[in-house]
Number of protein chains: 4
Amino acid sequence: MLILKLSCPDRPGIVAKISSYIASHGGNLLEFNQFTNSLDAKFFARIEMDIDQIDVSMESFIKGFEVLGESLDATWHFRPAPFKVKTAILVTKTTHCLNEILWRAAHGDLPLEITSIIGNREDCKAIAEKEGIPFHYIEMDGDQKAGGFKQIAQILIDEEVELGILARFMQILPDWFCNQFAGKLINIHHSFLPAFIGANPYRQAYDRGVKLIGATCHYVTSDLDAGPIIDQEVKRVLHSHSPQDLMRLGRDCERIALARGIRYHAFDRTIIDGNRAIVFED
Amino acid sequence: MLILKLSCPDRPGIVAKISSYIASHGGNLLEFNQFTNSLDAKFFARIEMDIDQIDVSMESFIKGFEVLGESLDATWHFRPAPFKVKTAILVTKTTHCLNEILWRAAHGDLPLEITSIIGNREDCKAIAEKEGIPFHYIEMDGDQKAGGFKQIAQILIDEEVELGILARFMQILPDWFCNQFAGKLINIHHSFLPAFIGANPYRQAYDRGVKLIGATCHYVTSDLDAGPIIDQEVKRVLHSHSPQDLMRLGRDCERIALARGIRYHAFDRTIIDGNRAIVFED
Amino acid sequence: MLILKLSCPDRPGIVAKISSYIASHGGNLLEFNQFTNSLDAKFFARIEMDIDQIDVSMESFIKGFEVLGESLDATWHFRPAPFKVKTAILVTKTTHCLNEILWRAAHGDLPLEITSIIGNREDCKAIAEKEGIPFHYIEMDGDQKAGGFKQIAQILIDEEVELGILARFMQILPDWFCNQFAGKLINIHHSFLPAFIGANPYRQAYDRGVKLIGATCHYVTSDLDAGPIIDQEVKRVLHSHSPQDLMRLGRDCERIALARGIRYHAFDRTIIDGNRAIVFED
Amino acid sequence: MLILKLSCPDRPGIVAKISSYIASHGGNLLEFNQFTNSLDAKFFARIEMDIDQIDVSMESFIKGFEVLGESLDATWHFRPAPFKVKTAILVTKTTHCLNEILWRAAHGDLPLEITSIIGNREDCKAIAEKEGIPFHYIEMDGDQKAGGFKQIAQILIDEEVELGILARFMQILPDWFCNQFAGKLINIHHSFLPAFIGANPYRQAYDRGVKLIGATCHYVTSDLDAGPIIDQEVKRVLHSHSPQDLMRLGRDCERIALARGIRYHAFDRTIIDGNRAIVFED
C-alpha cells in the first residue's frame, strides 16, 4: 500500500492525470480524498493505492511520477505502508497526554516509533523508564533555556525524528527552533483556540463563565498558539465547576484532540495551507 | 454545474476513466467523493463538475457517458444544478418537522419545490394555507386506510413528486406503497434506531433510563423502522427529565436529523447500498 | 406552583431556614437547585414549590418571607406559575432566530407573550404580520441612531416588556440603554465567545481554520460581547466548508443556543453573578 | 467533609427536616442535590456537608440521624471524605478500559484502592505487574466456569471489595453472583444500549448502518445488558468506517463512559431506582 499526498494550483484534468498514471501501471485506488479551494484556486489530494500488481518496482513508480508532478507545479510526497513515524515527545510535569500517546502507540492506534521522551522536569522520567524509552532531562530554567533548545534540536537530528509532540511542554519555543522543524512539531493547547491564548486558560475560562471548554491540537509556528489547527474537542461545563474541575474535564479534551491530531498527521492526512490545515479525516 | 452519482463493481482504473472522460471534454472537477467498500468490492462516487467550458452540449456530454457507464456495469445519474426537487410532505398532528422543512426551503437551505402537504388529520392545514401550499386532507381511519394510500399515491404521481417526506406521519405504510416509491420516501423516527422501534419511543426511553435520546432519518422500506439510515442526532438527558421533557428535547433532534437527511438526499449525496446508506456529507 | 430565586452571602443553615419556612406553611418542594460558590462565599438557589395546600394566601406567603430574606441579606424573587413573560424581539435582516422564537412560543416551549417585533430594516415585517404581531420599523442609520434607541426604549416601557431579545439585531447598543434594561436583554452572538468578538465572526473562523464553530447566548452589558454567558452551542466543521457553509451551519447553533438561553431566563433558571451566569439547567 | 445519600417516599418537609438536623449541629451544606420523581412520589437526595464545626462527634452525628431517617421511611448512607473505594477489576483480553482506570486512579481522578485485577485470560497480567497490583488468573473455560465464579466471589469477599468493575470482562455472570453483589458491579457494554444487545455489537452496528456508535456503563443485574444505566457516550461514524474502525472509535466511548460511571458511583452520586439510575452529575 502506498500513500500519495499532493498539492498544486488548480486546473482542469488533475484528477484524470494522476489517476491515469496510477491505473496505467496497474495500481488500484483504495481511497481518494480531494479538496479544491475555490477561493484561491488550489488543489489538494491524498490517495491510498494498492500497488501489489503494479508493473514496475515501487521505486520506479515513485520516480516516474516526477514528470507529472512537475508539470502540475505540485508539491508531493509518497509514503509506503505500513510504517512507523520516528517520534520524540516533549513534556514538563503533567502525564496524561504522554500516557495517552504511549498507550495508543503500544495498542497500534498510532503508527509511532517513540525514540525518546524529553523533559525539562523529571516528573515523567519514571513513566519513560517503565516503558523502556530513553528519557532526556534537559535543564531549561533561566539562562539554560537557549542551550536547552540547542540540546533538544541535536537530539531530534541525531534520532532522525520526523515528529516532535509537545505533550503539555510548558516552554515557549524560540523562532529558530520552530522554523528548523516547521511542519514537524505538534502542540496541544488547553483551550479551544483562538479563545484564551496564553497562560492558564482554564482559569481564564472560569473567569469568563463559558459553558464549553476545549482543547486544540495544532502545528507549531513561531507565532505562539496561532499555528494551523488540526483538531479541536470541547466539553460542556456548568457554573458549579471550579477551575480545578475545568482542568480535570479539560484533560479528556486534550487527550482526545491530541491523539486524533497525531493520527491524522502520522497517516499523512494533513496538508498545511498557509495558516489552515487541510485534514482528510478517517 | 453538473452532479454525477455512480456505483459499480470495483476494479482498477474507474477513477481514471471517469475523470478522463470529464477532462477530455473540458469539464473541471469541483468536488470528488469516492468510497470503495472492500468488504464486497463495490465502488461508489459522487462528482460535482463545472461544465461551463465543455466542448459539447450538456445533453451530448451526458449521452456520451453511456458507453463508459455501461462498460463499468454502473448505475449512474446526472443532475444539472441549480435545481429544485418536487416534494410532498406527509403529516399527522405535530408541526415541528413540517415547520422546519418549510423554513429551510424558504431560506434556501433545502432545494425543494413543495407541491403539497398531505395530512390524515387537519392540524397542519392552517400552516399550509399560511404558506400558500395546497393541503390534501386524506381520511385514513379504519376502513379508509387502504383507499387513503391509493389517493396519496395518485397525488404523488400527478404532481410528479420526486421525494415524499414523512414528517411525523403516524401511519404504517403498506408494502406496495413502499415498493412503488422505493428510494423516494424519507422518514424521521423519534429514537436513535435500532433502539426503541415501534410506538412511543420516548416513553420506552424513559422506562429504560437511557442517558441519551435521539432521532433517526432513514429511507422507508417495507420493513418498518429498518430502512437505510441517512442521519442520526442525539442529546444528553438526565434522570430528572420526564417523558414529556424527552419529547420536548427530542423534537430538536428530529428537526436537525430530518433536515440534514433531506439535504443529503436532495443534493444527491446519498447512495443506497442494501440496508446501508452511503452519505457523502457536506 | 411558585418559583423562588434567591442569592445571599453563604452561611450555615440557609437551606434549613428557607425550606422550614416553606414547610411550616404546608408548601412542598418540587425542585431544589442550589449552588454555593466557595471561591467568594456566595449562596444561590432556585426552588419550585407546590403551594396548593398552603395555610395562607399566596400574597401572605410571599410577604411573610421578607423577614427571613432580609435576615439573610438576600436578593430574591417569587414568580407564580404558569406565566407568560412580556417580550419584544429586536431584528435586522435575518429571520432564522426570529422564526425559531415564534415557533417555540406558539408551541409552548417558551412561555413568552410577544408584544412586538422591532426592526431597523423591514425584512422581518412580513413574518410579523403573518403571525399577527405588531412590527415597529425604527430608522437607525447614521444620525437617526440615537433617536432610534430612544424610540425603542419607549416601546419597551410602554409595553411593560420584561425581556428584550436581540435576535441578530446588528446594532451596537448605547451604554444608557444597556444600563436601563440591565438583566433584561439577551443577545445571540454568532461565535463561541470569547473567540471572534466583533464583526463577521464566521469569516474570522474560516480564516483561522478552526474545526469547531459556535454561537453564544448572553446577557447584554455595555461591554460589547462580554456579558454573562447563558448558553453556548458548537458544531464540527471541515476544511472544505466555505465561509458561506459556516454561516449555514452556524445558524443551527444560533437557533439552539438562543432558544435554550431564553428558556432558562424565562423560567427563572438564571442568576447573574458579576460577569458569570448561574444556570440551573432543565 | 461528609456525604449523605438518601431516598424515601415523598412528603412535604423532607428537605426542611434534613437540613435543619444538619444546621442544628453546626454542619454547613456544600452541595445539595435533590430529585423528586412525581410519577411515583419518591424523593432522592445527595448532600455534601462541611462538618468541621459540628458540636458532636461525627459518629454521634451519624447515629443521631437515625431517628429522623426512620421517621421518613428512608434508606440512607453516610460516607466521610476523603476516602478510597476498595475495588477489583475483572478483565479478559482487552486492555484499554483497564489502562484508563489505572491511570485515573493513579492521577487522583477516581478515588479507588485497587486491591486486585482478576482475569480469565493472562493478557492483562503484565500490566498488573507493572503497576504492582496482584493479578488473579482464574480458569473459566467450559466446566471451570461455575468454579471460577466461586473463586472470584471469594476474592471479592476476602479483600472486602466494595466495587467490582467489569472492564470488558467477556463472561456472562450467573444469577447468584449478580444478586450477591447487587449494586456493587459496574459493566461497560460496547454499544449505546438498548441497541445491539449481546455479542459483537460493533459488527451489528456496521451491518445496520448506524451513523452513531456508543458505549454504555451500567450496573450489573441478572438480566443481561439490562441493568440501570449510569452513563452513555456516542461518537459519529461514517459509511467509510469498517467494523474495525468502529471498534477503534468505540474504544474511546468505552473509556470515557466507564470512567464517568465509576466516578459517579465512587462519589456516591448514583442511586438505583428500580431499573433506572438517578445520577447527580458533577
Side-chain angles (χ1 to χ4, degrees), chain B residues 29-33 46 48 93-111 123-124 126-133 168 231 233 235-242 244-260 263 267 269 280-282, chain C residues 29-33 46 48 93-111 123-124 126-133 168 231 233 235-242 244-260 263 267 269 280-282:
Chain B
L29 297 187
L30 300 174
E31 185 180 323
F32 191 115
N33 285 289
R46 178 188 183 275
E48 280 189 16
K93 288 184 177 176
T94 54
T95 59
H96 59 285
C97 288
L98 174 60
N99 267 319
E100 185 75 18
I101 301 167
L102 293 177
W103 175 76
R104 286 188 190 264
H107 200 273
D109 273 11
L110 296 176
D123 302 65
C124 295
I127 293 173
E129 286 174 350
K130 211 184 275 182
E131 299 297 321
I133 298 170
R168 299 297 308 275
D231 199 21
E233 181 73 22
K235 191 167 169 34
R236 199 162 280 278
V237 294
L238 304 171
H239 61 264
S240 52
H241 288 122
S242 67
Q244 285 69 35
D245 288 324
L246 300 193
M247 288 178 62
R248 169 174 61 83
L249 296 166
R251 282 195 290 265
D252 290 348
C253 293
E254 296 168 36
R255 293 159 72 194
I256 293 285
L258 178 58
R260 278 203 304 250
R263 184 175 163 94
F267 280 107
R269 292 186 168 276
F280 297 115
E281 303 192 358
D282 77 337
Chain C
L29 297 187
L30 300 174
E31 187 181 322
F32 192 116
N33 285 289
R46 179 190 183 273
E48 280 190 16
K93 287 184 179 176
T94 56
T95 59
H96 58 286
C97 288
L98 174 61
N99 267 317
E100 185 74 18
I101 301 167
L102 293 176
W103 175 76
R104 286 188 190 262
H107 200 274
D109 273 12
L110 295 177
D123 302 66
C124 294
I127 293 173
E129 286 174 350
K130 210 185 278 182
E131 299 296 321
I133 297 171
R168 301 294 311 274
D231 200 22
E233 180 73 21
K235 193 167 168 32
R236 199 162 279 278
V237 295
L238 304 171
H239 61 264
S240 51
H241 287 124
S242 68
Q244 285 70 33
D245 289 323
L246 300 192
M247 288 178 62
R248 169 174 61 84
L249 296 166
R251 281 196 290 265
D252 290 348
C253 294
E254 296 168 37
R255 292 160 72 194
I256 293 285
L258 178 58
R260 278 204 304 250
R263 185 176 162 91
F267 280 108
R269 291 186 169 276
F280 297 116
E281 303 191 358
D282 76 339

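Because the structure is a prediction, the values reported are computed rather than measured. Note on naming: letters A, B, ... go to the chains in the order of the sequence lines (proteins, then strands), and numbering restarts at 1 for each one.
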With a 4.5 Å heavy-atom cut-off, do [X] and [Y] have their side chains touching?
| X | Y | value |
| --- | --- | --- |
| B:Arg255 | C:Asp252 | no |
| B:Asp282 | C:Arg248 | yes |
| C:Lys130 | B:Glu131 | yes |

- Task: Identify which part of B:Leu249 has an atom lying under 4.5 Å from any heavy atom of chain C, answering side chain, backbone, both or neither.
- Result: neither
Under 4.5 Å heavy-atom distance to chain B, tell me which part of [X] shows up: side chain, backbone, both or neither.
| X | value |
| --- | --- |
| C:Leu238 | neither |
| C:His241 | side chain |
| C:Glu100 | side chain |

- Would you please classify the geometry between the B:His96 ring and the C:His107 ring as parallel, tilted or perpendicular, with 30° and 60° separating the classes? perpendicular
